[in-house]
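A quick write-up on the structure given underneath.
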Amino acid sequence: ESLGAFPAMIWALAYARVHQPHAALVYTPMDGYYGKTQEHLQAFAELLDRAIAVAQAEDAIVLVGASPSSTPEEWAGLGAIQLDPHPSGHGPLVHRVAAFEEKPSPQRAAQLIREGGSLWGLGIYVVTVEAMERLLHAYQPRMFRTYRAMVEALARGDQAEVTRQF
C-alpha cells in the first residue's frame with residue numbers, strides 16, 4: 001500500500017518537533033503553484049500567513065481550498081471540502097469543515113455542485129506540531145510510534161536510525 005507523501009510529512013513533523021516544537025507546518029504539493037507573477041506569490045504568502053494564524057488559534061488542521069468549476073468532470077482527481085455553513089469566527093473566507101470527500105465521482109461532483117457549499121481540496125494543509133502529534137497518536141498509533149522513534153533519533157543526532165525508521 002502506497003502512503004503517498006505521508007512519510008515525508010512525518011519526517012518534517014519529527015524535524016520540527018526537535019528543532020522548532022511550536023512551529024506550524026505547511027504541507028503543499030508542488031502543483032499548488034498557480035502563477036509566476038509577484039502578485040500571485042504575494043497573495044499565496046498572505047493566504048499561508050492567514051492559514052498559519054488559524055491553525056495556531058484553533059489547534060487544528062487547516063485545509064486550503066479553491067472555488068470549484070461547475071463542470072463535474074473537472075473535479076476528477078481533486079478532493080471536495082464541504083463547508084460548515086456557520087461562521088468560523090476568522091472572517092468570511094475561513095470556514096469549518098463539515099466533511100471531506102476524496103476524489104468524488106462525476107455523479108457525486110454534480111450533486112455537490114447542485115448543493116453548493118464545497119471547495120476543491122488543493123492538498124495544502126497547515127497544522128501545528130502539537131495538533132499533528134495529537135491527531136497522529138489518535139488515528140495512526142503505529143505511525144505515531146515510528147514518528148516518536150524518529151524524534152528520539154533526531155534529538156540524539158543518530159541520522160542512521162532516522163533513515164532506518166523513515
Side-chain angles (χ1 to χ4, degrees), residues 1-34 40-69 75 77-104 108-109 111-113 115-152 154-155 165-166:
E1 172 184 353
S2 171
L3 296 175
F6 195 58
M9 294 170 76
I10 297 305
W11 192 95
L13 179 65
Y15 187 88
R17 165 50 64 204
V18 172
H19 298 287
Q20 293 185 319
H22 301 293
L25 302 170
V26 177
Y27 298 108
T28 181
M30 293 306 294
D31 57 357
Y33 179 67
Y34 287 99
H40 285 108
L41 293 174
Q42 183 63 36
F44 189 63
E46 290 171 8
L47 176 128
L48 292 180
D49 285 344
R50 188 165 184 190
I52 289 167
V54 172
Q56 291 171 330
E58 293 292 326
D59 193 34
I61 294 178
V62 175
L63 286 69
V64 176
S67 297
S69 82
W75 288 49
L78 296 168
I81 302 169
Q82 297 171 39
L83 306 176
D84 184 323
H86 301 95
S88 70
H90 294 284
L93 296 178
V94 179
H95 302 269
R96 295 192 185 281
V97 174
F100 179 82
E101 193 168 328
E102 184 67 31
K103 299 175 183 147
R108 176 68 177 133
Q111 180 183 0
L112 291 169
I113 291 166
E115 293 171 355
S118 291
L119 297 174
W120 276 338
L122 299 178
I124 300 173
Y125 310 97
V126 181
V127 63
T128 63
V129 171
E130 294 86 0
M132 187 65 174
E133 285 177 333
R134 188 181 68 256
L135 294 166
L136 189 62
H137 184 263
Y139 296 103
Q140 292 288 330
R142 193 173 119 236
M143 185 62 76
F144 182 77
R145 287 190 296 276
T146 299
Y147 158 75
R148 288 303 308 161
M150 289 175 70
V151 167
E152 291 167 11
L154 275 170
Q165 291 293 334
F166 185 68

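All residue numbers refer to positions in the sequence shown, counting from 1.
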Can you find a pair of side-chain heavy atoms, one from [X] and one from [Y], that are under 4.5 Å apart?
X: E58; Y: R96; value: yes
X: L135; Y: I61; value: yes
X: R108; Y: K103; value: no
X: V54; Y: V126; value: no

task = Given side chain to side chain contact (heavy atoms under 4.5 Å, CB included), test R145 with Q140 step by step and report yes or no.
result = CA-CA 9 Å; R145 287 190 296 276; Q140 292 288 330; over 6 Å; no
inquiry  = Just checking H22: does its NE2 atom have more than 12 heavy atoms from other residues, nucleotides or ligands closer to it than 6.0 angstrom?
reply    =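 Counting other residues, nucleotides and ligands, NE2 of H22 stays at 12 neighbours or fewer.
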request  = Can you establish whether the number of heavy atoms outside Q20 located under 6.0 Å from its atom CD is more than 12?
outcome  =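 No - once you tally the heavy atoms of other residues, nucleotides and ligands closer than 6.0 Å, there are 12 at most.
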Working to the nearest 0.5 Å, report the span between [atom1] of [X] and [atom2] of [Y].
X: I81; Y: S118; atom1: CD1; atom2: OG; value: 9.0 Å
X: Q42; Y: E46; atom1: CD; atom2: CD; value: 4.5 Å
X: E130; Y: Q56; atom1: CD; atom2: CD; value: 9.0 Å
X: M132; Y: M9; atom1: CE; atom2: CE; value: 4.5 Å
X: I113; Y: W75; atom1: CD1; atom2: CH2; value: 5.0 Å
X: R17; Y: E152; atom1: CZ; atom2: CD; value: 12.0 Å

query = Which of parallel (below 30°), tilted (30 to 60°) and perpendicular (above 60°) describes Y147 and F144?
reply =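 If you compare the ring of Y147 with that of F144, the planes turn out tilted.
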ask   = Is there a donor-acceptor pair under 3.5 Å between the side chain of R50 and the backbone N or O of V94?
value =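 No, the answer is negative, given that no donor and acceptor are paired below the 3.5 Å cut-off.
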Closest heavy-atom contact between [X] and [Y]?
X: H90; Y: A57; value: CE1-CB, 3.9 Å
X: A149; Y: Q165; value: CB-CD, 3.6 Å
X: I52; Y: A24; value: CG2-CB, 3.7 Å
X: A16; Y: L25; value: CB-CD2, 3.6 Å
X: L78; Y: G121; value: CD2-O, 3.9 Å
X: S67; Y: W120; value: O-CE3, 3.9 Å

task = With side chain to side chain contact (heavy atoms under 4.5 Å, CB included) as the test, would you mind laying out the steps for L63 and Y125 before giving the verdict?
result = CA-CA 5 Å; L63 286 69; Y125 310 97; 4.0 Å; yes
message = So if I apply the side chain to side chain contact (heavy atoms under 4.5 Å, CB included) rule between Y27 and each of L13, I124, V64, which one comes out positive?
response =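 One option only clears the test, and that one is L13.
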task = Evaluate the criterion side chain to side chain contact (heavy atoms under 4.5 Å, CB included) for residue pair R134 and D59; output intermediate values, then yes/no.
result = CA-CA 10 Å; R134 188 181 68 256; D59 193 34; 2.7 Å; yes
